[in-house]
Number of protein chains: 2
Amino acid sequence: MPADRPAPPRPATLDEVARVAGVSRATVSRVVNGVATVDAALRRTVERAISTTGYLPNSAARSLVTRRAGSIALVLPEQGRMLGDPFFGRVVDGVLGVVRPRGVHLVLTTAGPGTGEQVVADLRQGRLDGAVLIHTHSADPLPALLTASRLPVVLSGRPATPTAITWVDVNQTAGAALAADHIAARGRRRVATISGPLDTPAGQDRLAGFRAAMAAHGLPDVPHAEGAFTGESGAAAVERLLAEHPDVDGLFVASDLMAHGALPVLRRHGRRVPDDVVVVGFDDSSSALACDPPLTTVRQPVEDMAAEMARLLLDQVDQPGRPARSVVFAPTLVVRESS
Amino acid sequence: MPADRPAPPRPATLDEVARVAGVSRATVSRVVNGVATVDAALRRTVERAISTTGYLPNSAARSLVTRRAGSIALVLPEQGRMLGDPFFGRVVDGVLGVVRPRGVHLVLTTAGPGTGEQVVADLRQGRLDGAVLIHTHSADPLPALLTASRLPVVLSGRPATPTAITWVDVNQTAGAALAADHIAARGRRRVATISGPLDTPAGQDRLAGFRAAMAAHGLPDVPHAEGAFTGESGAAAVERLLAEHPDVDGLFVASDLMAHGALPVLRRHGRRVPDDVVVVGFDDSSSALACDPPLTTVRQPVEDMAAEMARLLLDQVDQPGRPARSVVFAPTLVVRESS
DNA sequence: CTCTGCTGAGAGAGCGCTCTCTCGATTGCG
DNA sequence: CGCAATCGAGAGAGCGCTCTCTCAGCAGAG
């Protein structure tokens, strides 16, 4: 049985430091907060007192008067969806890069029943200064809830209905055009696409962008099958596509996950990739690399986007009256063996 | 230019509720905190006042007096390592499952220079109640730092040197034995293993466990090559192994990532999996599924382990004097096409 | 009928910090 | 040399909550 572990001693308070330094609490506070109007000699005395006492400001007391929690929430889509995806980690990384140097904490949570109310409550209780929402469903009431309460919030992805809300997105249309240009450059003329769900902005834009770009390459009528951004839906979509257009030689799949589902189907139908069919995905997620062959895909600058979301959020926290903004990033094409 | 967005109004305070209900602050506090000694009628009056005012307790004020931050940190290994791995998400999920129902926030951070000091400072400032440390390096000073400061902390993985610290791990030895039994059951007799780095507990235990179990199957001298838990090191290790033992027909690789690196090398050497060589991995990470063929592997109950870590941590927070404990979970074997 | 014991609610003292207000000391200028 | 302006530091009032202490009110015992 180990010896009793006594609770850690209470850390020093401002008054103790003040007493040691022989000054008032206010002066110590000034030194701690870097206020300029403190005599250099006195400042040094105080600093010495701070280090001998091992003083660290109590954050609850500070929060109480400054009305800043010093932390923001990152709300991820419900469970399963994100877990297998490095996207998640890239987002965390991007946000952390901005938030940590400023001493702001990142509180992680996943969307789900009750999350919205909880986040709003946390915000109103002063436990949270703002929230970054990743890939909310269009039906999700949370963004509206937050906007209505005039609480700082930033969305990833253009909202389905135009709202006075700050968001960050990749230029979906341009990304799809990148894929189109690449497929055209590979000399493919019997081109088709598997789109995402057409009730999402990303689904719509990627399809529209791809069609517009292919039209510019002289192919105005690209056949398409709708998927749901999942592996199974990709497999099913490519089956439908092959049934109607067995001679397809160029395929744009609007997400890597769907492409990952589609590739084995192509193989089963005796279509070799990239020789018989060139395949291009979207997202550059881990599944792009897990594909056989590795997938050429449109990459979003996820870290940069996440960092920008964090920046926009902190701006909102600092300047509550600020109007909503949106920032759109440029995608790039990552060429691998599938094309 | 949109209209000015006024800052959200200050939420009601305890006194306002008290005034509305015609009682004292203390009584409202009792109702909010569910203290039993409040007359039922009065309680109802107060509750009505709470809902008409939309009262929500200010958490900073509460923290100030209760000395509870209501949040714990999850410290993940530095960047790259975790990002591609669903392991990360499973851990978050497990922790969140315990922490969220209790209204405790999960603060996410990654290890790195300065993280340790920051976490200790946050703990001492009362911004954090405790920390869950995932896969710390044995050289990491953070666990010792925290233990020395008598701050609540839980580790994933048995520490390299025995310490009075709470940790959770999977039974590595038993996991390796599972792999050994499976390979033996497949009738393989020319068995080898690629171990993890032997300066880590997991590396040691998996090798020792595998050897012991193979010895029990009549193979006391299993050849082995040391890897570093990375894909490249797995590829290099299997090269070395094949050079010395070209006739290997059963291979235990101490991590999926290494197995993922090793499989293409086996193929390149003309060794078919599982016909010529049976391969078993460890971790059941995403790379196990990304392997071709999908990898038979030893699975850790990551969510359960993460949940247990959270529980142990919260226990420590509630009862500071509590001695260190450790919990060991049983692994399972996931059989796929590689065996 | 008085005294004790108990229950339920109010008063008020903090928790540790920030920040405004005030004021003494120093400086500059007429 | 006197007065206003400036600078630096202290006093003290909160921030919103919890929790102990106190006390009023009432029931039951003697």
Side-chain angles (χ1 to χ4, degrees), chain A residues 7-47 49-50 53-70 103 121-127 129, chain B residues 7-47 49-50 53-70 103 121-127 129:
Chain A
R10 266 200 203 185
T13 69
L14 214 49
D15 311 65
E16 278 155 28
V17 178
R19 207 174 311 131
V20 170
V23 300
S24 73
R25 242 178 23 249
T27 301
V28 179
S29 177
R30 286 189 191 101
V31 171
V32 170
N33 294 299
V35 175
T37 68
V38 178
D39 184 79
L42 238 196
R43 174 180 297 272
R44 259 190 305 279
T45 312
V46 171
E47 277 163 355
I50 288 175
T53 52
Y55 172 74
L56 276 179
N58 177 298
S59 73
R62 185 175 269 179
S63 282
L64 182 56
V65 35
T66 59
R67 303 183 170 284
R68 278 278 184 292
D122 284 336
L123 250 1
R124 304 212 326 128
Q125 295 193 76
R127 286 186 81 183
D129 292 327
Chain B
R10 266 200 202 182
T13 70
L14 213 51
D15 312 64
E16 278 155 29
V17 178
R19 205 173 314 131
V20 170
V23 299
S24 73
R25 243 182 17 254
T27 302
V28 180
S29 176
R30 287 189 190 101
V31 172
V32 169
N33 294 299
V35 175
T37 67
V38 178
D39 184 79
L42 237 198
R43 172 180 298 272
R44 259 191 303 279
T45 311
V46 171
E47 276 162 355
I50 287 176
T53 53
Y55 171 74
L56 276 180
N58 177 299
S59 73
R62 186 175 270 178
S63 282
L64 182 55
V65 35
T66 58
R67 304 184 168 284
R68 278 279 184 291
D122 284 336
L123 251 0
R124 305 214 321 132
Q125 295 193 75
R127 285 186 81 184
D129 292 329

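Letters A, B, ... are given to chains in the order of the sequence lines, protein chains preceding strands, and every chain is numbered from 1. The structure displayed is predicted, hence computed values, not measured ones.
In summary, contact between chain B and DNA chain D, defined as any nucleotide atom under 4.0 Å from a heavy atom of the protein, begins and ends at D:dG16 to D:dT20 in the 5' to 3' direction.
Considering only residues two or more places apart in sequence or on other chains, A:D122 meets the salt bridge (Lys or Arg N to Asp or Glu O under 4.0 Å) condition with A:R127. Listed by chain and number, the residues in a side chain to side chain contact (heavy atoms under 4.5 Å, CB included) with A:T53 are A:A12, A:V17, A:V20, A:Y55 (sequence neighbours excluded).
A heavy-atom distance below 4.0 Å to DNA chain C is reached by these residues of residues 19-32 of chain A, ordered by number: A:R25, A:A26, A:S29, A:R30.
Going from atom CG of A:L42 over to atom P of C:dA25 covers 15 Å, rounded to whole Å.
Listed for the B:D129 side chain is a donor-acceptor partner under 3.5 Å among the backbone atoms of B:A69.
Put simply, the side chain of B:V23 reaches to within 4.5 Å of the side chain of B:V28, judged on heavy atoms.
In this structure, B:D15 reaches neither bases nor backbone, as no heavy-atom distance under 4.0 Å exists between it and the strands shown.
Sorted by first then second residue, the salt bridge (charged side-chain N to carboxylate O under 4.0 Å, His left out) pairs that include residues 13-24 of chain B, not counting sequence neighbours, are B:D15-B:R25.
A:A21 approaches A:A49 most closely through the heavy-atom pair CB-CB, 3.7 Å. Closest non-hydrogen pair, B:A60 versus A:S63, comes out as CB-CB, 3.6 Å.
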For residues 30-39 of chain B, run the donor-acceptor check on the side chains, cut-off 3.5 Å, and write out each pair with its distance to 0.1 Å, sequence neighbours left out.
residue: B:N33; atom: OD1; partner: B:R62; partner atom: NH2; Å: 3.4
residue: B:N33; atom: ND2; partner: B:S29; partner atom: O; Å: 2.9
residue: B:N33; atom: ND2; partner: B:S29; partner atom: OG; Å: 3.3
residue: B:D39; atom: OD2; partner: B:A41; partner atom: N; Å: 3.1

